[in-house]
Amino acid sequence: MENIGSFIDMIFVTAKAWILALLGQFLPVWIVVLASIVISGVAILCLGPVIMMYLTLLERKVIGRIQNRYGPNRVGIWGLLQPIADGIKMFTKEDIVPANADKLIHLLAPIMTVVPALMIFVVVPFGRQMTAADLNIGFLYFIAVSSITILPIFMASWSSRNKYSLLGGMRTAAQLISYEVPMTLAAVPAIMMSQSLSTNTIVLTQAGSFGLNWFIFTPWGIVGFIVFFLCATAECNRPPFDLPEAESELVAGFHTEYSGMKFALFYMAEYMNAFTLCGIAATLFLGGWQGPFLPSWVWFFGKTLALICIMIWFRGTFPRFRVDHLMAFAWKFLLPLTLVNILLTALWQFTSASAAWLFSIMILAAMLYMLVKLNRVFVPEKRNYVLAD
Amino acid sequence: MELLQLGAKFGIYAVMAAILVFALGVVTFRNLFHCALCLAAALIGTAGIYIALQAEFLAGVQILLYVGGVITLVVFAIMLTEHLAGKTVRQNNAQSLPAIVGLAGFVTALIALILKTPWPVTEAALKAKTSAMGLGEALMGTYVFPFEVISIVLLAALIGTVVIAKKDAPEERP
Amino acid sequence: MPNIIETKKLDGSDILEINFGPQHPSTHGVFRMIVQTEGEKIRGLRPIFGYLHRNHEQIAENLPYAAIMPYTDRLDYVNALANNFGYALTVEKLASLEVPERAEYLRVIMAELARIVNHITVIGFMLNDLGAFFTPLLYAFRERERILDLFEEVTGSRLMNNYFRFGGVKRDLTALHLATIHQIVAKFPAFLEEFETLLSKNEILCMRCQNVGVLSPETATNAGITGPVLRASGVNYDIRKVDGYSIYHRFDFKIPLGKKGDVYDRYYVRILEIRESLKILEQALAKIPQGEILNKKTVPFIKMPRNFKPPVGEAYGRVESPKGELGFYVVSDGTPQPWRYHVRAPSLINLTVLEEMCLGQKIADAIIILGSIDIVLGETDR
Amino acid sequence: MIFGAGVFKGMMVTLKNFLTSYYRDRDNGGIFTVQYPEEREKLAENYRNLPFLVYDGAPDQIRCVACGICERECPPKCIHIEMATDAAGKPARKPAVFDIDYSLCMNCGICEEVCPFDSIYMDHTFEITSQAGPRSLIRGKEALARSNDYFRKIRPAMAAAVDQKRKTAEDKKKAAATPPPPQEIK
C-alpha cells in the first residue's frame, strides 16, 4: 500500500528518470543533460495550453451553472471538445491588423505575453521533486518575470493605435504596478517563516504532521493569503479587477484590435497566469503539494483548481471596480495591511502560540477597524427611502 | 560536456551582441516607444549576463526593478503624453560634442574602477557574496548605514512626489 | 505613421476625444457618445442619436388608427404594453370612448406586469454595465421569462403584444391566467430578496453607484425629466397619482422617492417600484370583476378599422410608462387616419441631462449613468 | 454591519444557485434554459407568428375569396392579392396570386382580425430561415395553404369556435336556400 502510494506520488519523476537512464546507456552525458531540460520544457509547453483550454471550459461551465444554464455541452460529452473547436475557430479566423498599427510590435505583443506566462511555470512546484528548476531565488524569479507581463500589454495597447486600447493599456500599467507591491509584501511572511526564496523549500517548511502545517492556519497566514489572492486576481486581470479589458467600458481594452490566433494568445497568457498565480498562492500559504494520503501532485492541482474556482466565482458575482477605487484599495487598504502583517509575522517568531494568536487577532482587528474607518469610500452609505403618496 | 560549455559560451556572446544591438537601437530609433522597448530588451539581456555570472539574485532584481519598474514608468510617461507617442524625434542635437567628451571621461573612470576592484573569483567566494543570504547579511550588517540612509532618501523623494502631485489637484468628490 | 490619437488643449490640460458607439457593447443599441476625457475624467460629453430613426410618426399618419397599435409596440420594445396603453388612452380621449370595468382591470394588470418586466430588465442591464458578468441579468431574465410566457399566452406575442384596443383589450384573461399571475406575484418577493442580497448591499456596487451621476431635483424638473429618474432625485411626480388615469386611483400604492438622485437611488427606486407594482397587482387580482372586455361601440371597428373616424379635434394622452411620462398627441381631421401624431418619448427627454450628470465623473461612470437612465433606442430615435 | 458582509452574502447567493442548478427543477432555481432543437417549449395557443391560408378539403380550395381587405389593412403592406378570373373574364372570387412577404410581415395579427371569411390565420411556425436570400421569404398561395386540420391542431380552441361559427352560418344559409316546411307557414 505504502509502495503503491509513493509510486503514484513519484510517477512523473520516475518516468523522467527512466527515460534519462535509457538515453544515458547509449548517448553522451551532455545530450542527457540537454534531454532533461527538454523533457521538463516540453512538459511545461504542453501543460500550459492544455491548462488554458480546459480552464476556459471550466470557467464557462461554472459560470453557466451559477447563472442557471448549462454552459457549453454540444461538442463532445459535457462539451469536453469545446476548447478544441474554439481553437480551430481561432486558427481559421482572419488576422486583422489595423491600417495604422505598428505592424511589428502589434505582432510581437501577443507572443511576448505568452513567454513570461510560460516562464513562471518553471518555478512552480507541481509535486514532490516536480519543480522544473528549483531556483534558490524561486520567488524573486516569479516576481521578476511576472513584472515583465506589463510590457507586452503596453506594446499591444500602443501599437494598435486605438483609443480604447490606449486607455486599457494605461489602466493595466497603473493596476499591475500597484498590485505588485501588496502582492510581494503579502508573500513576505511566508518567506520569512521558511527563510528561503526557493518555492520548494517554502513548501517543505509547511510539512508538519500529515503535511498539514500550512501557513494559512496562522493569523498572518490567513491575512497574507487573502491579500495575496486578491492581488493575484488583480494581476491576471480577472474580475472584479478586470479594468484593463472592461468589456462594458473599453470594449476589450488592450486587445481590442486583435483577432484570431493573436487574440487567443492573450487569452492563453491570461489563463496561464491565473493558473500559475493560483499555484504560487497555494505554494506560499496552502502548503503547495503537502497534504495527507493523496499523491503530492493531486494535492497541488486540487488546491490550485480550488483557487481558480474561487476566481471564477468572483467573476460570476461581482461588478467591476472603478479605477480610482482600485488604486485606493491597493494603496490605502491592502498595503498597510500587509505591512502590519509582516510586523506580526516577526512577532510570531518570538512568542508562544496561544498568546500569539490572541495578540495577532487583536492587532489585525484594530488595523482592519482603522483602515475601514480611514477609507470611508469603501463603506456603503445607509439609505432610507421615502414612500410618498 | 565540452560541447555544452561551448554552447553556453556561444550563448553568452550572443546575448552580449544582442545587448549591443538593442543599445544601438535605443540611441538610433526615432520613435520614442521603440527606443523604450529596445532599452527593455537590453536590460533583460543584462540580466541574462548576470545569470551567466551566477548572480541570480542580481538578475532577478535587475528585471524586477529596471524592466518591471523603470521601463514601465518610462513607457507610461510616453503614453501619458499622447502627442509624443506617434511622433518621431531626432536623436542627436547640437550638444553632441560635449556629450562625447563627457561620455569618454565617464567610461574611462568606469574602466579604471573595474580594473581596481578586487573581484572575488573563486566559486565559494562568489556564492557567499551573491546569494540572497550573503546579500542580506551584507545589507543588514556591513552596509546597514548606507542602506538606511538610502531608504530615508527614497522616503523623502516619495513624500516630495506626493506633495508636488497633490498641489494643484482640485477637491474631488469621493 | 499618422497620428490618430490627437489631443486638444482645454484649460491647459490634454483632452482626449473618445467615441462611444454607435457600435459599443454598452450603449444599449445604436447610440453614440462623444466623450472628451482628461485621463479618465470626463470633461465633455455629446450624445448623438437618430441612428435608429424609422419615421414612426410619419408612418402612423398614413395608417388607420387601429393599425398604429402594432407600431407603438416597437417604440419601447421592452414594455410594449405601456405604449399600447398610452396610445389607446389618447384615442379614447379623442373619440370619447368608455372602457368597460373588466377591461380597465386587465389593462392595469398587464401594464403593471410590463412595468415589472421593464424594471428588472433595466436593473439587470445596468449591473451588466457595471461589470457583473451577466449573473444578475440572467437572474432577472429568468423571472422575466415567466411573465413573458404569460404575455405570449394572452396577447399572442412575448414582446410585440398589440394587446390594447380602443375601448378595451383584445383578449380576456381566463381564470387559469389569473391564477398564473397570482403565482408570479406570490413568488416575486422571494426573487427580489435574492436579487437584493446578491448586489444591493455589495460594497463594490455601492462604491460604484453612490454619489455618482447626481441629478439635482431642480435640474431634473427644469429639464422635464420624468419617471424613476425624476423620482430618484426626490421629486414626487407619478402620473398614475397625478392624473389617476384608468383606475389607478382605486389602488393603494406608494411612490418610492430617492434621496440624492445618484445611480444607486435610481437602481433602488426601481426595485421599490417593483414592490409597489406587486401591491397593485395583488389588489387588482382580488377585485377584478366579470364583464365585457371591449366597448360595444368599437366592436364593429375591429373588423373594419377604416370606418373608425374620430371626430375632428385633438387629444394628448399620457401614461406613466416605466421610463417616464409617455405621451401621445393625436390630431384628427375626421378621416380614418390621424392628421398629426406625435410621441413624447421619455427615453429621449431623459437623455438630455446625460452630459450634466457625467461631467467630472470617470469614463466608467458614464456607462452606468447611461444605463441608469434606462433608454430604449427604439423610443429615443423613433 | 461588518465590512465585506455584502460581498460575502452575494457570493453565497451565487453559490446557492450553482448548487441548486444540479438538483432542482427549472421553476425552483434549477437550470432554466431549454436545449432548443431537441427540447421545445410548448407554444401557447394564442401565439401568433406568420399568416397562413386555411383550406377545407383539397389544398387548392382555400377559403380566401380575394376580397383584399387584409391587403388594404396590413400595416406594413406585405400582402399582395390578384383576383382570378374565370373563363368568361369575370372575377372568380378566388385569388390568382396571394403573396405574403414574410420578411416584411410584423406578426401583428391584423389580417387575422379583419378577415370576414375566416381564411387567414397566424401560424405557429417560426423556423423559416433559409439561405436562399430574402426573395425566398415571399410565399405564394400554395406555400401558404394549410389544412383546417392543421389549424385545429395548432389552435384548437380558436379553430373550434371558427368551425362552430361557420357551421351555424352554413345552416342559416341552407335554411334560407331550402324553402321552409309548409306547416310553419301560418
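Here is how names work: the chains are called A, B, and so on, in the same order as the sequence lines, proteins then strands, and each is numbered from 1.
Residues D/Asn46 and C/Glu153 are not in side-chain contact: their nearest non-hydrogen atoms beyond the backbone lie 4.5 Å or more apart. A 4.5 Å side-chain heavy-atom check between D/Cys108 and C/Met160 finds every atom pair outside the cut-off. A 4.5 Å side-chain heavy-atom check between D/Asn17 and C/Tyr139 finds at least one atom pair inside the cut-off.
Residue D/Lys77 touches chain C through its side chain alone, counting heavy-atom pairs closer than 4.5 Å. Neither the backbone nor the side chain of C/Ala190 comes within contact range of chain D; no heavy atom of the residue lies under 4.5 Å from a heavy atom of that chain. Proximity to chain C is limited to the backbone of D/Cys115, based on heavy atoms less than 4.5 angstrom apart. Proximity to chain D (any heavy atom under 4.5 Å) is shown, for C/Thr197, by both the backbone and the side chain. For chain C, the nearby parts of D/Thr14 are the backbone and the side chain; heavy atoms of each come within less than 4.5 Å.
To the nearest 0.5 Å, atom OG of residue C/Ser157 and atom CE of residue D/Met106 are 11.0 Å apart. Considering NZ of D/Lys9 and CD of C/Glu196, their distance stands at 11.0 Å, rounded to 0.5 Å. Note that the CZ atom of D/Phe32 and the CD atom of C/Glu143 stand 7.0 Å from one another [nearest 0.5 Å].
In the displayed structure, C/Lys259 atom NZ is contacted under 6.0 Å by more than 12 heavy atoms of other residues, nucleotides or ligands. No more than 12 heavy atoms of other residues, nucleotides or ligands shown are found within 6.0 angstrom of NZ on D/Lys153. Counting heavy-atom neighbours within 6.0 Å of D/Gln131 CD, excluding the residue itself, gives a total of 12 or less. The number of heavy atoms from other shown groups lying within 6.0 Å of CZ (D/Arg40) is above 12. Residue-environment remark: NZ (C/Lys296) stays at or below the threshold of 12 foreign heavy atoms within 6.0 Å. Heavy atoms from other residues, nucleotides or ligands lying under 6.0 Å from CZ of D/Phe126 number more than 12.
When all heavy atoms of D/Val7 and C/Asn202 are compared, the pair lying nearest together is CG2-OD1, 3.9 Å. In this structure, D/Pro75 and C/Leu63 approach most closely via the heavy-atom pair O-CD2, 3.9 Å. Smallest separation of non-hydrogen atoms from D/Ile110 and C/Asn162: CG1-ND2, 4.5 Å.
Between chain C and the residues D/Met12, D/Arg72, D/Glu45, the largest count of heavy-atom pairs under 4.5 Å involves D/Arg72. The choice from C/Ile59, C/Asn161, C/Leu198 that makes the most heavy-atom pairs within less than 4.5 Å of chain D is C/Leu198.
Proximity to chain D at a heavy-atom threshold of 4.5 Å picks out C/Ala67, C/Pro70, C/Tyr71, C/Arg74 from residues 67-84 of chain C, in numerical order. Residues of residues 163-183 of chain C having a heavy atom under 4.5 Å from any heavy atom of chain D, listed by number: C/Arg165, C/Lys170, C/Arg171.
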**Chi angles and distances behind the side-chain contact (heavy atoms from CB on, under 4.5 Å) call for D/Tyr47, C/Thr155** = CA-CA 8 Å; D/Tyr47 171 67; C/Thr155 69; over 6 Å; no
**Request:** Show the numbers, then the answer: is there a side-chain contact (heavy atoms from CB on, under 4.5 Å) between C/Glu194 and D/Lys16?
**Result:** CA-CA 10 Å; C/Glu194 183 190 33; D/Lys16 196 195 94 200; 3.6 Å; yes
**Prompt:** Would C/Met304 and D/Ile69 count as a side-chain contact (heavy atoms from CB on, under 4.5 Å) if you check the C-alpha gap in whole Å, the side-chain angles of each, and the deciding distance to 0.1 Å?
**Reply:** CA-CA 9 Å; C/Met304 279 165 276; D/Ile69 290 180; 5.8 Å; no
